[in-house]
Amino acid sequence: AWLKQPPEKVTVEQAVDRYRSTASSTTASSPALQAPAPGVYVFSTSGQESVDALGGDTHTYPAETTIMVTLTDCGFRMSWIPLSGRWDTTDVCGANGGFAETTVANAHEFFRISQVEHFVSEPGSWWLPPNGVTQWTSTSRSDGGRTTVRTGRLAGQEQVPVGTEVRPAVHVRFDDTITGSSTGTSSTDLWLDPSTGLPLRETSTATTGNDTIVGHVEFHESIDLRLVSTTPNT
């Protein structure tokens, strides 16, 4: 029971406090392209993560989570922290009229054991592709011995509800194949603000597996995020 104690949910108020402490100690020059206004964006959320080891364990995400946006010298950083022990951080930089993903870090915690991994992406790993780019393939490698080969494509221009508004969005699709210390696949659909690259909606699923001292362990995750307002909390 102690090993499976549910992780604490990270509230909007906690995310805003974290943003204020981070923003006060962070300086960045103007990004190369227009970036989202810095702050804490609230998303209605559904989804969960689970593993099948030791009888299995599942963490359900809160109905409301946040993405914290901070500016960097070349673009912006997005941090999604739904639970204690579970977070994603993505850095994107302006390149050739679009935004390219440069580094990604993520953390998961099960049975009181935390796993943190950092990925570095090769040039051309588009987050929001520039004009004329509709398909691409890119590779990223982690400090944990994993390699991700991504096939990305521009799925089209669509309209996405955001609160009481309907906003134009660029629909981008990522399909990832993971090899190395663990193997698996993931798929992500992003609906991005065409000017800033801010996610207006995101859906993703992932399944990975690796061999451990307790046998083969499979991890599953599903996420659905829908932006509540384009005005961030600061």
Spell out, yes or no, whether L190 and I67 are grouped together once hydrophobic residues are joined by side-chain heavy atoms under 4.5 Å, including indirect joins. yes
Does some side-chain heavy atom of W126 sit less than 4.5 Å from a side-chain heavy atom of N96? yes
Short side-chain to backbone donor-acceptor contact, T45 and F43, under 3.5 Å: yes
Determine whether Q115 and F110 make a side-chain contact, defined as any pair of heavy atoms from C-beta on separated by less than 4.5 Å. no
Between W80 and Y61, does the ring centroid distance fall short of 6.0 Å? yes
If two hydrophobic side chains count as joined below 4.5 Å and joins carry through other members, does W136 share a cluster with V92? yes
Is there a side-chain contact between E122 and R141, using heavy atoms and a 4.5 Å cut-off? yes
How close do V228 and S44 get, counting heavy atoms only, and between which atoms? CG2-N, 3.6 Å
What's the separation between atom OG1 in T60 and atom CD in E49, rounded to the nearest 0.5 Å? 9.5 Å
Any link between V16 and I81 through a network of hydrophobic side chains (Ile, Leu, Val, Met, Phe, Trp, Tyr) touching at under 4.5 Å? no
With no hydrogens and no angle check, is any side-chain donor or acceptor of R77 less than 3.5 Å from a backbone partner on T90? no
According to a hydrophobic-cluster definition based on side-chain heavy atoms being under 4.5 Å apart (Ile, Leu, Val, Met, Phe, Trp, Tyr only), do L225 and F174 belong together? yes
Between the side chains of D91 and T103, does any donor sit under 3.5 Å from an acceptor? yes
Verify the cluster assignment for F119 and W127: are they in a single hydrophobic cluster under the rule of side-chain heavy atoms below 4.5 Å apart? no
Just by distance, do the side chain of N210 and the backbone of S181 share a donor-acceptor pair under 3.5 Å? no
Point-to-point distance, once rounded to the nearest 0.5 Å, from CG of L200 to OH of Y41: 10.0 Å
A side-chain contact here means heavy atoms from C-beta on lying under 4.5 Å apart; do P38 and Y19 qualify? yes
State, without any angle test, whether D224 and T203 hold a side-chain donor-acceptor pair at a distance under 3.5 Å. no
Do the ring planes of F219 and H108 sit parallel (below 30°), tilted (30 to 60°) or perpendicular (above 60°)? perpendicular
Side chains of R146 and S182, donor plus acceptor under 3.5 Å: yes
